[in-house]
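This report refers to the structure that appears directly beneath it.
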Number of protein chains: 2
Amino acid sequence: MSAANVIPLLAGTPALFNPQARVCAECGIRKHALFGALDLTALDQIHVQIATIRLAPGQLLYSAQAPGQAAYTVRSGVVRLERLNERGERRILRLGGRGDTLGMEAMLGQSYAADAVACTEVEVCRLPRSLVDELTRDQVELARDMMRRWQRALDDADEWLTELCAGPARHRMLRLLLKLSEYADGQAVWLPSRLEMSAMLDMTIETASRTLAQLKREGVLEAPDQKHALIHMDVLLDALRRDAAEA
Amino acid sequence: MSAANVIPLLAGTPALFNPQARVCAECGIRKHALFGALDLTALDQIHVQIATIRLAPGQLLYSAQAPGQAAYTVRSGVVRLERLNERGERRILRLGGRGDTLGMEAMLGQSYAADAVACTEVEVCRLPRSLVDELTRDQVELARDMMRRWQRALDDADEWLTELCAGPARHRMLRLLLKLSEYADGQAVWLPSRLEMSAMLDMTIETASRTLAQLKREGVLEAPDQKHALIHMDVLLDALRRDAAEA
DNA sequence: CGTTTACTTGATAGGTATCAAAACGCGTGG
DNA sequence: CCACGCGTTTTGATACCTATCAAGTAAACG
């Protein structure tokens with residue numbers, strides 16, 4: 001068990017010969033990601049290509065109705081899941097950030113249920129359908145891990161529905177800011193365009209703009225540039241509490 | 001392979017000795033339900049109790065936050081999943097009908113994500129957590145089936161969000177009626193109380209009442225009694241189309 | 001049959017959509 | 001570097017939809 005060509009982090013674990021296994025083992029989000037459940041030896045047995053994909057803001061990761069061939073784990077950035085309702089309006093269902101898995105319906109041979117579009121610069125791992133088919137056969141833990149991912153998606157959907165779809169515009173906007181702060185990787189939070197906000201909160205662009213302007217005046221957030229915001233959590237939480245109190 | 005004590009439907013298949021297996025094999029919704037994936041022999045190996053539970057309208061099946069010990073498959077009736085948002089309002093997330101599986105988060109050792117309450121008279125099968133734990137170990141197909149169920153719940157959640165949470169009250173009410181007709185077992189559709197409608201569509205009781213009254217006048221539905229409705233699909237679909245056209 | 005609860009209807013206020021126009025940010029090419 | 005043009009955001013005025021408050025009516029229940 002020579003540790004010569006093993007990266008320091010893995011010293012003491014078996015050497016990995018499969019180059020892809022190396023990449024996955026080194027991945028910063030492995031413990032949160034789909035294969036976190038696999039031990040390193042199992043990782044080494046992956047023969048299928050796990051590709052890393054980079055997307056610019058606005059680029060499509062996959063589109064609704066398309067036959068799904070892969071799921072994707074977000075390594076960095078924010079992806080939005082959106083679909084058109086029957087009146088032809090674009091509705092954003094939820095967001096995917098670091099560690100989230102998107103398009104799992106592909107694993108079941110189904111077509112994608114929504115469009116997935118990059119909101120920021122995004123890096124995802126592509127997990128081909130066949131890979132999971134293979135691995136679930138003898139890795140029971142992987143099956144459980146996938147179920148946990150489905151449940152997480154469901155929890156996200158439920159929370160989106162209860163908190164972002166009801167109440168006055170101001171309150172929904174506050175909740176959105178709270179949610180966005182979950183996806184921050186640094187100090188600055190990604191601030192969606194007004195069009196995106198309106199599609200998330202079911203309001204017009206104008207109302208989104210007005211509401212946000214008001215919150216800026218109240219000191220809930222500052223926007224150094226168009227696409228980033230500094231959110232003052234204490235002020236935000238205070239505003240939410242006052243909201244709830246008088247409602 | 002004597003067929004003497006085997007019910008006609010199963011002639012030609014191995015005899016089932018486990019009494020519970022008999023009940024499941026005879027279940028009308030088996031092909032849609034969680035164990036549809038299991039062959040009859042596997043069914044026979046179930047040692048755990050699968051209880052049938054009957055609920056009256058308004059009765060609680062399980063409640064949010066409670067440590068989940070079982071999932072439930074709906075055999076008949078309609079169950080609502082609801083939770084309180086942070087402003088203390090009750091929000092109905094979605095409905096569960098014949099063949100739907102609820103509370104699957106219990107299978108993962110998580111607590112329930114929402115309250116489950118019977119809307120009509122309801123019959124469900126209780127699937128203890130341990131049962132699925134046991135079976136997924138050697139029944140790969142069961143694991144896949146459960147994943148399909150999670151995906152189905154997610155699809156439901158997404159549809160609810162895109163179609164029932166956006167647009168004017170009248171349109172949301174029309175979509176609700178369309179959805180309710182999916183849960184009908186006969187001619188008559190279960191008609192929720194105005195309070196329930198308001199919690200599903202994020203509107204007040206008064207608006208729900210007014211909107212529905214208007215649709216009755218337009219001949220979209222008739223209500224023979226308080227809790228049932230006859231929906232005229234052609235009129236309904238027409239109304240939805242006209243909606244979309246002028247929007 | 002009275003009492004309670006759910007539903008309906010009306011009048012009004014308030015929030016949001018709509019329509020319109022101005023200000024701003026940003027990339028491009030002069 | 002600045003001017004230009006385009007898309008986005010902001011702001012204003014008005015109309016419309018829905019919430020709210022308030023009665024009144026119908027249905028459920030003891």
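Values below: all heavy atoms of this structure, side chains included; hydrogens, waters and symmetry mates excluded. Order of the sequence lines sets the chain letters (A, B, ...), proteins ahead of strands, with each chain counted from 1.
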(message) Any donor-acceptor pair, under 3.5 Å, between the side chain of A/Gln226 and the base of C/dC24, if you only look at N and O atoms?
(response) no
(message) Is there a side-chain contact between A/Thr207 and the phosphate of C/dA17, meaning an N or O under 4.0 Å from OP1 or OP2?
(response) yes
(request) Check the distance between D/dT9's P and A/Gln214's CD and give it to me in whole angstrom. (result) 19 Å
(request) Tell me which nucleotide among C/dT18, C/dT16, D/dT11 gets nearest to the side chain of A/Pro168. (result) C/dT16
(request) Using only side-chain N and O atoms of A/Lys227, determine if any of them is under 4.0 Å from OP1 or OP2 of D/dT8. (result) no
(request) Before accepting this row, confirm whether a basic side-chain N of the pair B/Asp158/A/Arg94 lies closer than 4.0 Å to the acidic partner's carboxylate O. (result) yes
(request) Using atom CD1 of A/Ile205 as one end and atom C1' of C/dT18 as the other, report the distance to the nearest whole Å. (result) 12 Å
(request) Hey, can you tell me if A/Tyr72 and A/Tyr62 have their rings parallel, tilted or perpendicular (30° and 60° cut-offs)? (result) parallel
(request) Return yes if a side-chain donor-acceptor contact under 3.5 Å exists between B/Glu222 and B/His232, otherwise no. (result) yes
(message) From C-beta outward on A/Ala213, which listed nucleotide comes closest to its side chain: D/dT11, C/dC7, D/dT18?
(response) D/dT11
(message) Output the rounded distance in Å from CD (B/Glu206) to C1' (D/dG24).
(response) 13 Å
(message) Rounding to an integer number of Å, can you tell me how far B/Arg194 CZ sits from C/dT5 P?
(response) 19 Å
(message) Taking the basic N atoms (NZ, or NE/NH1/NH2) and the acidic carboxylate oxygens, is any pair closer than 4.0 Å for A/Arg152 and A/Asp100?
(response) yes
(message) Rounded to whole Å, please give me the gap between CG in A/Asp225 and P in D/dT9.
(response) 12 Å
(message) Tell me the interatomic distance from A/Asp243, atom CG, to C/dG15, atom C1', rounded to whole angstroms.
(response) 14 Å
(request) To the nearest Å, give me how far apart CG (A/Asp202) and P (C/dG15) are. (result) 18 Å
(request) Can you tell me the distance, in whole Å, between the CZ atom of A/Arg210 and the C1' atom of D/dT8? (result) 15 Å
